[in-house]
Amino acid sequence: MISRHDGQVMSHIDQIRQSITDILTTPVGSRVMRRDYGSLLPELIDRPIDDVLILQAYSAIYTALLRWENRVIIEAISIGQVKQGILEVRLYAHLAEFGVDGVLDVGVALS
């Protein structure tokens with residue numbers, strides 16, 4: 001797979017990371033031929049940060065990745081602070097393709 005940022009060939013881990021970023025940043029309903037692709041995470045942008053929002057973010061991340069990224073089995077999710085418009089998401093997951101447990105750090109642009 002080729003990186004959408006620089007056109008270079010990526011490692012398998014980077015392919016998974018790019019796929020996760022694409023899934024999480026694509027609003028459900030925005031793809032013409034695949035209306036159910038994406039996540040509900042973009043709908044949470046610009047809402048006040050409280051316990052309900054955090055719970056909704058965890059749910060949006062988990063639900064979307066469970067459906068659209070079968071190479072990753074999520075064991076835990078950690079959401080970091082927003083820095084320069086990027087939401088830091090850390091996934092503790094089993095990488096089914098490799099048969100190993102790992103940590104994937106993904107930055108999700110909020111704008």
Side-chain angles (χ1 to χ4, degrees):
M1 182 180 270
I2 304 297
S3 170
R4 67 178 173 190
H5 299 292
D6 59 16
Q8 300 296 315
V9 176
M10 297 185 305
S11 70
H12 291 297
I13 298 296
D14 288 336
Q15 290 176 18
I16 293 170
R17 189 176 288 114
Q18 179 173 282
S19 173
I20 289 170
T21 301
D22 184 64
I23 292 164
L24 295 181
T25 58
T26 302
V28 172
S30 66
R31 294 259 175 111
V32 175
M33 298 301 288
R34 196 183 253 183
R35 291 283 184 195
D36 52 344
Y37 179 82
S39 80
L40 297 175
L41 197 58
E43 292 181 17
L44 304 178
I45 295 172
D46 293 333
R47 296 205 16 223
I49 298 174
D50 58 15
D51 291 340
V52 172
L53 178 74
I54 299 298
L55 184 60
Q56 288 173 329
Y58 282 122
S59 177
I61 292 167
Y62 183 79
T63 303
L65 295 182
L66 179 66
R67 176 154 191 200
W68 296 108
E69 186 50 78
N70 62 359
R71 296 175 290 182
V72 175
I73 300 168
I74 298 171
E75 296 171 0
I77 300 171
S78 174
I79 298 175
Q81 294 182 342
V82 176
K83 295 180 182 176
Q84 298 177 344
I86 305 291
L87 178 67
E88 295 177 355
V89 177
R90 176 168 279 182
L91 301 173
Y92 300 90
H94 179 73
L95 304 176
E97 189 172 328
F98 305 107
V100 298
D101 292 333
V103 175
L104 293 171
D105 290 317
V106 179
V108 179
L110 296 178
S111 57

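By the 6.0 Å contact criterion, CG on Asp36 is enclosed, its count of non-hydrogen atoms from other residues, nucleotides or ligands being greater than 12. Residue Tyr62 qualifies as open at atom OH: its count of foreign heavy atoms under 6.0 Å is 12 or below.
If you chain together hydrophobic residues whose side chains sit under 4.5 Å apart, Leu66 and Ile77 fall into the same group. Under the 4.5 Å side-chain contact rule for hydrophobic residues, Val100 and Ile13 share a cluster.
Between Thr63 and Leu40, the closest side-chain pair of non-hydrogen atoms is not below 4.5 Å.
With hydrogens and angles ignored, the 3.5 Å screen pairs no side-chain donor or acceptor of Ser30 with any backbone N or O of Thr26. Side chain of Arg71 to main chain of Leu95: no donor-acceptor pair is present (N/O by atom type, distance under 3.5 Å, no hydrogens or angles). Side-chain atoms of Ser19 never come within 3.5 Å of backbone atoms of Gln15 as a donor-acceptor pair (strictly under, hydrogens ignored).
Leu24 contributes atom CG, which lies 5.0 Å from atom OG of Ser39 (distance to the nearest 0.5 angstrom). To the nearest 0.5 Å, the span separating CG on Leu104 from CD1 on Ile74 amounts to 9.5 Å. Atom CD1 of Ile61 and atom CD1 of Ile23 lie 12.0 Å apart (nearest 0.5 Å). How far CG of Leu53 is from OH of Tyr58: 11.0 Å, rounded to the nearest 0.5 Å.
Between Gly38 and Val28, the shortest heavy-atom distance links the atoms C-CG2, 3.8 Å. Taking all atoms of both residues into account, the shortest heavy-atom contact from Tyr37 to Trp68 is CA-CZ2, 3.5 Å. Of all non-hydrogen atoms in Ala60 and Leu41, the two that sit nearest each other are CB-N, 3.7 Å.
Put simply, the residue from Asp105, Ile16, Leu65 that forms a side-chain contact (heavy atoms from CB on, under 4.5 Å) with Leu91 is Leu65.
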Does Arg17 form a side chain to side chain contact (heavy atoms under 4.5 Å, CB included) with Ile20? I'd like the steps, not just the answer.
CA-CA 5 Å; Arg17 189 176 288 114; Ile20 289 170; 5.8 Å; no
